[in-house]
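A note on names: the letters A, B, ... follow the listed sequences, proteins ahead of strands, and every chain is numbered from 1.
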2 protein chains.
Amino acid sequence: MIYSSELIKGTLKTIILKLLKDNKRMYGYEITQRVKELTNDRIHLTEGALYPSLHALEADGILTTETEYIGKRVRKYYSLSPKGKNVSKEKISEFADFMNTMKFLLDIKTDIA
Amino acid sequence: MIYSSELIKGTLKTIILKLLKDNKRMYGYEITQRVKELTNDRIHLTEGALYPSLHALEADGILTTETEYIGKRVRKYYSLSPKGKNVSKEKISEFADFMNTMKFLLDIKTDIA
DNA sequence: TCCAATACATAAGAATCTGATGTATATTTG
DNA sequence: CAAATATACATCAGATTCTTATGTATTGGA
């Protein structure tokens, strides 16, 4: 099952911030691949959504960047700024709270405790 | 805590379909109030989002309507069509699956099994 | 009597995503 | 070794969806 795109709306920044919280630094393409792996191909981040979102987070001072060359190919690494570390925690716990609310609202049983 | 609006994006139709699955028929304003109650004021559906969404679901043949007068005030009840009953089940189970994926992705512990 | 609540609806603008297009290098495979 | 695929960035037109007002009108309570 690949989720309908409307479902994923609004979760993109939370996903980015969680991955960067766990991984110190990652580049855009790597994020798309990691999410595919971790979700068994259920969530595919499109580049047209990802890159503008990364740029916005950087503009907000939540992410910092370092550019490196791998051979002749450029690679742009993103990391959480100090501010970003706080925002990351907040977003993840807000989402956790939201999921509990939605679980109650939709009477959903989850697999694992 | 009132959730940031981006978090709720994409969940509106699922919420509507769940409430109508449980309640046979409801009118717009009633849906906004019920959601507030059920979520302890954490989710506020705005009318500007709700009514267009109801109209779209009706146009798609997912909901049917009956208009009634309560005194002189009009009230428009929405119900699931036969097609809507299937769509409702699908949307809810898709969302449940999505939440499990997100829970794994974000390493979130939920309160209750 | 006036304010809040009930009840519908629409609409401009904002935000965000899709899907395409563009550019370029690196690697794999037949 | 040529061609296809994967890696890696970026932007943009158009679509979708939501926010925030605005509008209209009835009803109930203080």
Let's test your reading of the model: under 3.5 Å, does the base of D/dT27 pair with the side chain of B/Arg73 as donor and acceptor? no
Quick one: does any side-chain atom of B/Ser81 pair with a main-chain N or O of B/Ile62 as donor and acceptor, under 3.5 Å?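 Yes; at least one donor-acceptor contact below 3.5 Å.
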Is there a side-chain hydrogen bond (donor to acceptor under 3.5 Å, both in side chains) between A/Tyr3 and B/Thr101 once you walk through the steps? CA-CA 10 Å; A/Tyr3 304 123; B/Thr101 296; 2.4 Å; yes
Figure out the [atom1]/[atom2] separation between [X] and [N], and round it to whole Å.
X: A/Glu68; N: D/dT7; atom1: CD; atom2: P; result: 18 Å
X: A/Ile16; N: C/dT16; atom1: CD1; atom2: C1'; result: 12 Å
X: A/Tyr77; N: D/dT7; atom1: OH; atom2: P; result: 14 Å
X: B/Leu7; N: D/dT19; atom1: CG; atom2: P; result: 12 Å
X: B/Tyr51; N: D/dC18; atom1: OH; atom2: P; result: 16 Å
X: A/Met26; N: D/dT7; atom1: CE; atom2: P; result: 14 Å
X: B/Leu57; N: D/dT16; atom1: CG; atom2: C1'; result: 14 Å
X: A/Glu58; N: D/dA10; atom1: CD; atom2: C1'; result: 14 Å

Should the pair A/Lys18-B/Asp107 be classified as a salt bridge under the 4.0 Å nitrogen-to-oxygen rule?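 Here A/Lys18 pairs with B/Asp107 in a salt bridge, since their nearest N and O are under 4.0 Å apart.
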Report the C-alpha separation of B/Leu63 and B/Leu17 in whole Å, then their side-chain angles, then the decisive distance to 0.1 Å, and conclude whether the side-chain contact (heavy atoms from CB on, under 4.5 Å) test is met. CA-CA 9 Å; B/Leu63 301 183; B/Leu17 293 176; 4.3 Å; yes
Side chain of [X] (C-beta onward), nearest among [options]:
X: A/His55; options: D/dA8, D/dT27, D/dT11; result: D/dT11
X: A/Tyr27; options: C/dA7, D/dA10, D/dA8; result: D/dA8
X: B/Lys72; options: D/dT27, D/dA10, C/dA7; result: D/dT27

I'd like a list of close polar pairs between nucleotides 17-19 of chain C and the protein, N/O only, cut-off under 3.5 Å.
from   : atom 1 : to      : atom 2 : distance (Å)
C/dT18 : OP2    : A/Thr46 : OG1    : 3.1

Kindly determine whether A/His44 and A/Asp41 satisfy side-chain contact (heavy atoms from CB on, under 4.5 Å), including the steps that lead there. CA-CA 7 Å; A/His44 290 194; A/Asp41 272 341; 3.6 Å; yes
Quick check on A/Lys85: does its NZ atom have over 12 non-hydrogen neighbours (other residues, nucleotides or ligands) under 6.0 Å away?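 No - once you tally the heavy atoms of other residues, nucleotides and ligands closer than 6.0 Å, there are 12 at most.
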Measure the spacing between OG1 of A/Thr14 and CD of A/Glu90 and express it to the nearest 0.5 Å.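 Going from the OG1 atom of A/Thr14 to the CD atom of A/Glu90 covers 11.5 Å.
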